[in-house]
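Just the heavy atoms: all of them, side chains too, but no hydrogens, waters or symmetry mates, feed the values below.
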Amino acid sequence: MKNFASSLLALWQQLGLNQRVSLIVAALAVTGGLVGVVLWSQRPDYQLLYARLSEKDATAIIGQLETQNIAHQVSAGGTAVSVPSDQVYKLRMDLASKGLPSGDGVGFEIFDKGQFGLSDFVQRTNYLRAIQGELARTIMQLQGVHAARVMIVQPENRLLLTDQGVKPTASVFVDVGGGRLEIDQVNAIRHLVANAVQGLVPDQVAVIDNRGRTLSEELKQDPTLGSASSQMRYRQQVEDYFSKKVESMLASVIGPGNAVVRVSAEIDTEATTLTSEKYDPEGQVVRSQTMVEDTSTSAETRTSGGAVGVSANVPEKSAGNETARPVSNSEQNRKNRTTTYEINHSTTNVTRNPGTVKSLTAAVFIAPRYAPVAPAAKGAPAPEPQAQKRSPEELNALRQLVINALGLKPVAGQTPDSLVSLQEMPFQTIDRLPAQIEALQTENRWMGWVEAASRWAAVIGAGAVLLIFARMLSRQKPEAVPVEVLSLSPDAAQRALPSSSNGITPDLLNELIKQKPANVGVALRDWVAAGSTKN
């Protein structure tokens, strides 16, 4: 090795300056090339993870990759993400379990590219897809919604409609994770979708969450109150309205939190149509009048002529029967008047929709007043306030206020007590229950100790096992390892000093170390143990 180094040094000294520079540059170039090849060979092979991502999905996916310290590359303007090829499928499953990418769907950008030769059906389908995608993106902006999908069904556009009752409908699927949407949010989704589709009403929009619950069923408007759920919901709304109305009024009189009001309402759930007809004989009016007048005249005269007919031509009778015959003429006048009168007539049609409040009753609890207490002396416990009950006149005045606020009108035989039950009693508040508070605190303290003990039980058990193992290990004494006797070479045996008591010389030790180095460690351990025992 030394000869090779000296020969290289002699060769370096024989080279000129230009040769030395050329050699250094060549060496650096070769070294750099080798380093580049090594780095390029160690570079991971990237493969496409997802492409055509939205900004929201791309941001979420890159955040997950950075959290897991996974190398990645972003391309195509931030819409494509590439990762090492050996992690593609694992990352896809991991991201899918977290709902990524969410798949916002296609929006109105579907019309950005010119598409010629498409049929009207394809154009209408693309328009429907664009509306669904835009609505899904908008719904995903709501707080608590992780993903959303919108499906719209529109009746087919025909020239001749056979069924006039077919109306558009829509279904919305929302992924809320483990949460729950508020009623206002569900109602906002219904109206958002209904206003984006022509002819769609909010009641025809169904909203379903990822747990299979129909969130929009309780929000459907039922003007006829035909279903039991609609009746209960309407009654609850009416009772809550009157209860809050009275509580807010009493809070200003006796203080906030000192009154509890519950109102029970009886709702008329039947639709009624009333038709009434009234006639007023005193208010008659001539409607039509008809007058008919007949005139006739008659007169009677006598004539001497014979009779006309066969008897006049008979000879034997005509001679003795030549008397005069009377002829009558009469004249008669007749007048007829017909008058038609119209009697005053009124028809009233009254239609009553369900939802009329038939009756209201209320139960009111109010807290008694507490007299102010003097401040306690230093070091003395604070005195408890004393309750002061109100007089019957004050209770009746409060009851009358509630009756007027609810608009109740007692009928004959009813008393104000039957309409509004008002009672004064102390409320069970936290600051007036020291025994219960102390019991709760003791229970919470015990629960905290149990929880802490269960948390540290495993640590204490592991420490105890470790201590037992260390104590057992300390009780075990290492067994003495005998030094292996080796055969000495003739030269080493001759160099040994015959005058030494044990026959060990430096040359002998060197020979023993070369043949068996483990013997030196065993011997040193034995010597140290023997020295510590003597001391």
Side-chain angles (χ1 to χ4, degrees), residues 22-118 122-123 125-152 171-179 208-211:
S22 300
L23 184 61
I24 292 175
V25 172
L28 292 177
V30 172
T31 305
L34 292 175
V35 172
V37 170
V38 172
L39 293 178
W40 181 81
S41 62
Q42 293 180 352
R43 180 177 176 271
D45 180 20
Y46 284 93
Q47 187 175 348
L48 184 64
L49 180 64
Y50 289 112
R52 292 182 297 178
L53 296 172
S54 63
E55 295 181 358
K56 182 178 180 180
D57 289 340
T59 303
I61 290 175
I62 293 174
Q64 290 293 332
L65 296 178
E66 291 179 351
T67 302
Q68 301 178 12
N69 295 326
I70 298 176
H72 59 277
Q73 291 180 348
V74 181
S75 59
T79 60
V81 179
S82 301
V83 295
S85 58
D86 57 342
Q87 298 182 3
V88 171
Y89 302 105
K90 179 179 179 299
L91 287 175
R92 285 180 181 175
M93 290 187 291
D94 293 342
L95 294 175
S97 64
K98 298 178 182 179
L100 295 175
S102 59
D104 295 344
V106 64
F108 280 105
E109 65 272 7
I110 193 174
F111 298 106
D112 293 343
K113 298 180 180 180
Q115 297 177 353
F116 299 98
L118 296 180
V122 176
Q123 290 287 2
T125 303
N126 290 338
Y127 178 72
L128 190 61
R129 290 178 58 196
I131 291 180
Q132 294 177 165
E134 294 294 338
L135 288 174
R137 293 175 181 177
T138 307
I139 294 173
M140 289 174 59
Q141 303 300 322
L142 295 177
Q143 183 179 3
V145 179
H146 300 163
R149 292 193 64 185
V150 180
M151 286 74 71
I152 300 174
S171 300
V172 181
F173 173 81
V174 291
D175 183 5
V176 295
I208 303 173
D209 64 357
N210 56 321
R211 293 188 177 182

S.K.: Quick check: do L49 and L95 have side-chain heavy atoms less than 4.5 Å from each other?
M.R.: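 Yes, their side chains come closer than 4.5 Å.
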S.K.: Please report the interatomic distance NZ(K90) to CG(D94), rounded to the nearest 0.5 Å.
M.R.: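 With rounding to 0.5 Å, NZ (K90) is 4.0 Å from CG (D94).
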S.K.: Which atom pair, heavy atoms only, marks the closest approach of A136 to A148?
M.R.: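 Looking at all heavy atoms of both residues, the closest pair is CB-O, 3.6 Å.
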S.K.: Do H72 and I62 come within less than 4.5 Å of each other through their side chains, counting heavy atoms only?
M.R.: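 With C-beta onward as the side chain, the pair touches.
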S.K.: For the pair R149 (side chain) and V174 (backbone), establish whether a donor and an acceptor sit closer than 3.5 Å, ignoring hydrogens and angles.
M.R.: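 No, because the side chain of R149 does not come within donor-acceptor range (under 3.5 Å) of the backbone of V174.
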S.K.: Do D175 and D209 pass the side-chain contact (heavy atoms from CB on, under 4.5 Å) test, and can you show the C-alpha distance, the side-chain angles, and the key distance before you say yes or no?
M.R.: CA-CA 6 Å; D175 183 5; D209 64 357; over 6 Å; no
S.K.: Could you tell me whether the side chain of V81 reaches within less than 4.5 Å of the side chain of L48, counting heavy atoms only?
M.R.: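 Contact flag for L48/V81 side chains = no.
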S.K.: So which heavy atom on Y50 is nearest to which on I61, and how close?
M.R.: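 So the minimum-distance heavy-atom pair works out to CD1-CD1, 3.8 Å.
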S.K.: Could you go through the side-chain contact (heavy atoms from CB on, under 4.5 Å) check for I70 and Q87 one step at a time?
M.R.: CA-CA 9 Å; I70 298 176; Q87 298 182 3; 3.2 Å; yes
S.K.: Do S85 and Y46 come within less than 4.5 Å of each other through their side chains, counting heavy atoms only?
M.R.: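 Not in contact.
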S.K.: Quick one: does Q132's side chain have a donor or acceptor within less than 3.5 Å of a partner on I152's backbone?
M.R.: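 Yes.
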S.K.: Which atom names give the shortest non-hydrogen contact between G177 and N210, and what distance separates them?
M.R.: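 Minimum heavy-atom contact is O-ND2, 3.1 Å.
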S.K.: For A71 and P84, work out which heavy atoms get closest and say how close.
M.R.: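 Residues A71 and P84, closest heavy atoms: O-CD, 3.2 Å.
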S.K.: Where do V172 and I208 land on the side-chain contact (heavy atoms from CB on, under 4.5 Å) test, with the steps shown first?
M.R.: CA-CA 6 Å; V172 181; I208 303 173; over 6 Å; no
S.K.: Please lay out, stage by stage, how V176 and R211 fare under the test side-chain contact (heavy atoms from CB on, under 4.5 Å).
M.R.: CA-CA 9 Å; V176 295; R211 293 188 177 182; over 6 Å; no
